[in-house]
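Letters go in sequence order (proteins before strands), and every chain restarts at 1.
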Amino acid sequence: MPDLLIELFSEEIPARMQMRAAEDLKKLLTNGMVEAGLTYASAAAFSTPRRLTLTVEGLLAESPTTTEERKGPRADAPEKAIEGFLRGAGVSRADLEKRDTPKGPVLFARIQKQGRPAAEIVAEVLEQTIRSFPWPKSMRWGSGSLRWVRPLQSVLCILSDEAGAETVPLTVDGIVAGDTTAGHRFMAPGRFSVTSFDDYAAKLKRAFVVLDPAERADTIWNDATNQAFANGFEVVEDKGLLAEVAGLVEWPVVLMGRIGDDFLELPPEVLQTSMKEHQKFFSVRNPKTGRIERFITVANRETADSGATILAGNEKVLSARLADAKFFWDNDLRIAKEDMSVWLTALENVTFHNKLGTQAELIGRMARLAHDLAPLVGADADAAEEAARLAKADLSSEMVYEFPELQGLMGRYYIEASGRPADIAAAAQEHYAPLGPSDDVPTAPVSVAVSLAEKIDKLAGFWAIDEKPTGSKDPFALRRAALGIIRIVIENDLRISLSKVLSNCIVGTLVKRAISSGKIKNPFETVEEYDKLRERLPETADRDAMDKAFLEVNKFEDYLSPVYFGLIFNEAQSTAGNLMSFIHDRLKVYLRDQGIRHDVIDACIAMEGSDDLALLVKRARALSEVLGTDDGENLIQAFKRANNILTQAEEADGVEYSYGADVKFAETDEERALFAALDTAETAITPAMQAQDFPAAMSAMAALRTPVDAFFTAVQVNAENATVRRNRLNLLSRITGICSSVADLTRIDG
Amino acid sequence: MSKTTDSPRSFQEIILRLQSYWAARGCAVLQPYDMEVGAGTFHPATTLRSLGTQPWAAAYVQPSRRPTDGRYGENPNRLQHYYQYQVLIKPSPPDLQELYLGSLEAIGVDMALHDIRFVEDDWESPTLGAWGLGWEVWCDGMEVSQFTYFQQVGGHDCHPVSGELTYGLERLAMYILGVDHVMDMPFNDPQTDIALSYGDIFRQTEEEYARWNFDMADTAVLLRHFEEAETHCREILSAEHVDPKTGKRIIMAHPAYDQCIKASHIFNLLDARGVISVTERQAYIGRVRALAKQCADAFVQTRAGGWTPETAA
């Protein structure tokens with residue numbers, strides 16, 4: 001059984017693409033060979049900056065010969081039909097066999113597929129793979145038409161067994177496959193031939209190439225930590241950087257260098273970001289001072305001076321980089337200490353979104369909202385407002401302009417430097433959180449208020465201008481914002497009626513849009529006129545929202561027509577409803593991951609107050625729990641049965657059976673027992689619901705299972721006696737009524 | 001950098017060595033384009049000549065201007081006027097990486113002591129409607145060149161593909177000569193009677209242009225020039241292909257492209273004056289790109305762009 005070795009040797013492959021490409025090579029080659037009948041024992045793929053390598057062991061020497069039978073036309077079919085069949089099947093008349101079937105004599109063809117040698121199949125599959133390789137980005141070069149990630153220079157493709165190795169004959173776009181490869185670009189650039197994978201890997205190592213990326217990463221990490229440790233330091237772990245650096249070298253040589261004393265006072269994150277993003281350096285910390293004081297760079301070669309020149313060069317480049325960073329830091333600190341408001345003024349010229357205004361306007365909205373939310377999250381309203389005003393000030397700083405990924409964190413440093421309280425500074429960093437599903441949510445009250453304000457304003461704003469996420473498109477990360485709100489509310493157990501907050505925000509945006517589009521005419525002449533309109537509004541209207549909108553309009557020295565105001569108001573209500581369902585949908589996804597079914601959540605969303613997410617989740621958890629019990633599951637069946645009988649009877653009779661079940665009309669013990677059980681349940685459920693003690697309410701409900709089951713077994717609801725029947729239907733209504741006070745059980749599946 | 005007897009001693013020596021190296025590899029050594037450009041790529045010897053099927057090999061120094069980078073000559077490595085060394089070979093030869101590494105050796109980079117790396121860096125010029133794949137080349141962690149295989153220019157697919165090398169001359173030279181501030185770099189031979197540093201030649205102009213770029217350039221005039229260049233570029237391209245005076249087929253791709261270059265530079269100046277908002281910025285870039293595309297369309301209809309009477313027929 002031969003082994004196969006393939007190497008695709010090219011100019012430098014981007015580090016981020018190497019791993020995936022090696023896997024793709026393995027998958028495409030092995031799938032293609034297996035499809036052609038060539039099975040194998042094992043396969044492994046490797047990558048370096050200049051090569052993708054695949055080794056396959058225990059390959060069949062040739063694909064097996066197979067025979068296939070194909071049914072043709074009847075033996076007495078017209079000659080033309082038979083000829084057509086022969087052509088299609090690629091056989092001659094001699095290969096046909098006549099067989100009797102229930103439909104008469106039919107012709108069958110035996111098609112034999114001759115086995116093919118491995119080399120032939122490998123050549124075909126490899127060429128196909130090279131020509132259709134799924135690079136994220138590929139290119140042409142020279143005068144050729146082949147596409148590869150960077151120019152493909154040579155192809156090694158050999159089959160080897162005990163007898164020796166043979167090159168698989170293959171030519172792709174002028175590149176003739178051979179049995180040679182090249183060593184390290186600088187340390188051993190010559191080409192050499194190989195006879196097997198072991199021979200290949202061993203010769204490569206002698207030519208200063210470590211083939212396996214995992215081995216390179218291990219070497220880098222071990223050498224780095226050893227060098228750091230020997231000098232009393234520790235390397236800051238960074239797996240992403242390690243993988244990337246392992247993809248930039250074939251022969252890793254770890255060098256540790258110094259960071260100039262001038263730069264040691266820079267925030268560690270600035271040092272780390274600058275070194276990582278620009279130079280691909282690891283940060284090295286001094287555990288005694290807690291500061292980043294050294295760096296690790298990974299060179300791609302050994303030198304006669306043991307890397308001294310390379311290290312000196314890298315230190316020099318880093319100094320120039322850090323000199324820039326220090327310049328930014330010093331300038332920013334000076335402004336932060338003098339007067340940070342110049343940064344906020346600068347944000348008046350920065351567009352947040354062309355329909356939602358500037359960053360400065362966004363900050364204004366966030367500040368008002370944070371102020372309003374503060375009491376609900378246990379924060380001081382003035383502190384929350386100030387924190388929101390400053391949270392995005394660092395977007396104007398030079399450091400964040402240079403390193404956008406440091407936004408928030410720099411804000412925290414600068415606000416602290418300005419002498420403001422720590423919780424206000426922390427909010428600048430924490431208000432962006434949570435960024436991912438596993439990212440921590442803020443817990444400090446001021447940060448919570450600002451973070452919620454940021455996300456609510458964002459969602460409300462984009463909903464108001466109808467820029468919702470569609471399918472896979474979510475350019476403004478609105479799903480993430482919704483999940484952020486959900487997690488902050490639930491993990492901090494906050495009680496907020498979101499609907500009202502959302503519609504308030506939406507009214508604000510809609511009014512502003514209306515003003516800027518010039519739709520607002522026929523102004524209210526006076527505040528009295530506005531008050532009159534306010535009086536005429538239905539009881540349910542959100543007067544807070546209206547007042548806010550009215551004040552908003554007044555700021556613009558313009559007034560709203562009552563009619564238009566009404567339209568805006570209605571639009572805001574329906575938009576807020578739509579946004580609330582979006583948040584509920586995200587909540588379903590979030591809870592599904594925690595094992596709570598979507599129908600359980602639906603049953604709870606249908607209840608009043610479901611815009612209070614913490615309450616909703618408590619209800620859903622309790623319901624999910626009780627449905628997991630035997631009693632709970634059976635009670636749902638009983639509830640559905642009761643509900644069905646009741647609905648049918650109500651439809652047939654045209655009346656609603658909702659009141660007046662009386663125990664005196666009960667005819668059986670089971671009926672009387674149910675009356676008693678319902679009384680007991682009601683006495684337990686009502687106060688439990690008032691106390692929002694859902695587990696208690698749910699278990700009281702589940703306790704109804706036995707009496708309800710017994711009732712259905714013993715009693716015919718649709719009795720002959722009309723009074724008895726009416727009484728029983730009213731009794732069913734009590735069952736459904738009591739159960740429905742806990743959750744909308746009609747929405748439960750099954 | 002370590003000094004060996006073969007090390008160059010001045011900025012100009014590095015340039016001269018690059019010129020002889022690429023001349024010896026068969027490149028036509030061209031002179032800088034006589035217009036203000038932001039980078040060597042704008043030279044028609046690169047932009048236009050990378051289009052069409054005709055083989056091409058050229059190398060040249062291109063003075064480049066980036067008004068926003070002006071620092072009054074005070075920053076150790078930021079300049080509003082600097083030099084790029086540009087090589088363009090079409091079709092890209094299979095050993096272009098080796099040729100490039102040879103050029104580093106020629107200017108005094110000892111390959112046995114330094115760590116040279118090709119790090120992914122895809123190139124895109126929104127103003128030229130051009131993109132390519134390649135690397136930034138690192139020497140001991142410092143970016144010393146851009147290496148690009150052009151895939152598209154002016155909206156046209158490149159067939160064959162050109163290989164483009166761009167050396168940032170000041171930065172590379174500072175590294176090789178071991179100088180920390182660009183103004184301290186010897187421009188000519190430091191042993192000579194009249195030794196001139198980079199600062200002797202450019203410190204004053206950096207100050208003058210920084211002041212002019214940031215505070216004096218007349219934005220109203222510049223805006224008008226931009227419009228005029230745009231209009232004139234279109235006029236030139238809309239002219240009949242056959243010249244009524246000579247009766248010859250003369251498509252004026254280069255004069256039109258000059259207007260495109262002009263518009264591009266004026267846009268950079270306006271940007272430095274801070275009068276272009278974020279949203280307007282995209283619109284201006286789009287307008288320059290539209291011109292570049294039309295010039296590319298015109299160039300491929302000329303002989304240098306691969307047009308022949310036979311292909312036309």
Side-chain angles (χ1 to χ4, degrees), chain A residues 11-17 49-50 137-145 147 149-151 153 174 185-187 189 244 247-249 253 255 257 278-281 297-305 307-321 323-324 327 349-351 354, chain B residues 1-2 53 55 75-78 89-98 101 109-122 131-135 137-144 147-152 157-163 171 174-176 178 180-181 274 277-279:
Chain A
E11 297 178 10
E12 279 75 357
I13 307 167
R16 65 191 170 90
M17 300 178 188
R50 293 211 289 167
K137 250 184 187 178
S138 63
M139 54 164 275
R140 291 172 288 102
W141 60 94
S143 305
S145 60
R147 301 189 75 91
V149 64
R150 293 293 183 276
Q153 290 182 325
R185 184 188 277 287
F186 299 103
M187 298 180 75
E244 185 180 3
L248 288 172
V249 292
V253 175
L255 301 167
H278 290 139
Q279 303 302 136
K280 321 279 185 214
F281 290 170
T297 183
V298 183
N300 186 31
R301 64 165 308 153
E302 293 166 14
T303 61
D305 64 354
T309 308
I310 296 174
L311 193 57
N314 276 287
E315 281 177 347
K316 199 165 180 174
V317 180
L318 180 63
S319 286
R321 291 275 188 208
D324 275 351
F327 179 75
N349 295 319
V350 181
T351 309
N354 61 5
Chain B
M1 271 261 163
S2 60
T53 51
N75 188 290
N77 41 32
R78 265 190 215 265
I89 306 180
K90 179 173 75 171
S92 63
D95 57 347
L96 189 55
Q97 280 187 313
E98 278 67 37
L101 293 171
V109 178
D110 182 350
M111 289 295 157
L113 285 181
H114 294 281
D115 182 32
I116 311 286
R117 231 80 79 63
F118 293 86
V119 180
E120 176 189 17
D121 189 39
D122 300 341
W131 68 275
L133 298 192
W135 311 273
V137 185
W138 285 13
C139 175
D140 303 337
M142 185 177 71
E143 182 192 344
V144 290
F147 192 129
T148 308
Y149 292 101
F150 279 3
Q151 302 295 300
Q152 213 178 54
D157 280 345
C158 299
H159 272 295
V161 168
S162 301
R171 191 153 35 156
M174 281 166 69
Y175 192 59
I176 291 172
D180 290 329
H181 198 297
S277 74
V278 182
T279 26

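Chain B forms more heavy-atom pairs under 4.5 Å with one residue of A:T303, A:L248, A:N314 than with any other, namely A:N314. Per-residue counts of heavy-atom pairs under 4.5 Å with chain A were compared for B:P76, B:S162, B:P93, B:P91; the largest is that of B:P91. By number of non-hydrogen pairs under 4.5 angstrom with chain A, the leading residue of B:G163, B:C158, B:G134, B:G132 is B:G134.
The two atoms that bring B:S92 and A:G142 nearest to each other are OG-N, 2.8 Å, heavy atoms only. Closest approach of B:L113 to A:I310, counting heavy atoms only: O-CG1, 3.3 Å. In this structure, B:E120 and A:R150 approach most closely via the heavy-atom pair CG-NH2, 3.9 Å. The two residues A:A320 and B:N77 come nearest to each other via the heavy atoms CB-ND2, 4.4 Å.
Here the NE2 atom belonging to B:H114 is positioned 15.0 Å from the CG atom belonging to A:N300, to the nearest 0.5 angstrom. To the nearest 0.5 angstrom, A:K137 atom NZ is 6.0 Å from B:L133 atom CG. Atoms CZ and CD, from B:F147 and A:E12 in turn, are 9.0 Å apart once rounded to the nearest 0.5 Å. To the nearest 0.5 Å, the span separating CG on B:D115 from CG on A:L311 amounts to 11.0 Å.
When heavy atoms are compared at a cutoff of 4.5 Å, A:A299 approaches chain B by way of both its backbone and its side chain. Proximity to chain B is limited to the side chain of A:R185, based on heavy atoms less than 4.5 angstrom apart. Heavy-atom distances place no part of B:L96 under 4.5 Å from chain A, backbone and side chain included. Contacts of A:Q153 with chain B are made by side-chain atoms alone, with heavy-atom separations under 4.5 Å and no backbone atom involved. Proximity to chain B is absent for every atom of A:V253, based on heavy atoms less than 4.5 angstrom apart. In this structure, chain B has a heavy atom under 4.5 Å from the backbone of A:S138, while its side chain stays farther away. With a 4.5 Å cut-off on non-hydrogen atoms, A:M187 does not touch chain B at all. If you measure heavy-atom distances from B:R171 to chain A, you find no contacts under 4.5 Å at all. Neither the backbone nor the side chain of B:E143 comes within contact range of chain A, judged by heavy atoms closer than 4.5 Å.
Side-chain atoms of B:D140 and A:V317, non-hydrogen and from C-beta on, never get closer than 4.5 Å to each other. Between A:R301 and B:I116, the closest side-chain pair of non-hydrogen atoms is not below 4.5 Å. Taking the side chain as every heavy atom from C-beta outward, A:K280 and B:W138 approach each other to under 4.5 Å.
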Review point. Hey, mind stepping through A:R140 and B:H159 against side-chain contact (heavy atoms from CB on, under 4.5 Å) and telling me if it holds?
Key: CA-CA 9 Å; A:R140 291 172 288 102; B:H159 272 295; 3.2 Å; yes

Check your understanding: Between B:F118 and A:E11, does a side-chain contact (heavy atoms from CB on, under 4.5 Å) hold up when you go through it step by step?
Key -> CA-CA 9 Å; B:F118 293 86; A:E11 297 178 10; over 6 Å; no

Practice item. Show your working on side-chain contact (heavy atoms from CB on, under 4.5 Å) between A:K316 and B:D180 and close with a plain yes or no. Key: CA-CA 9 Å; A:K316 199 165 180 174; B:D180 290 329; 2.9 Å; yes

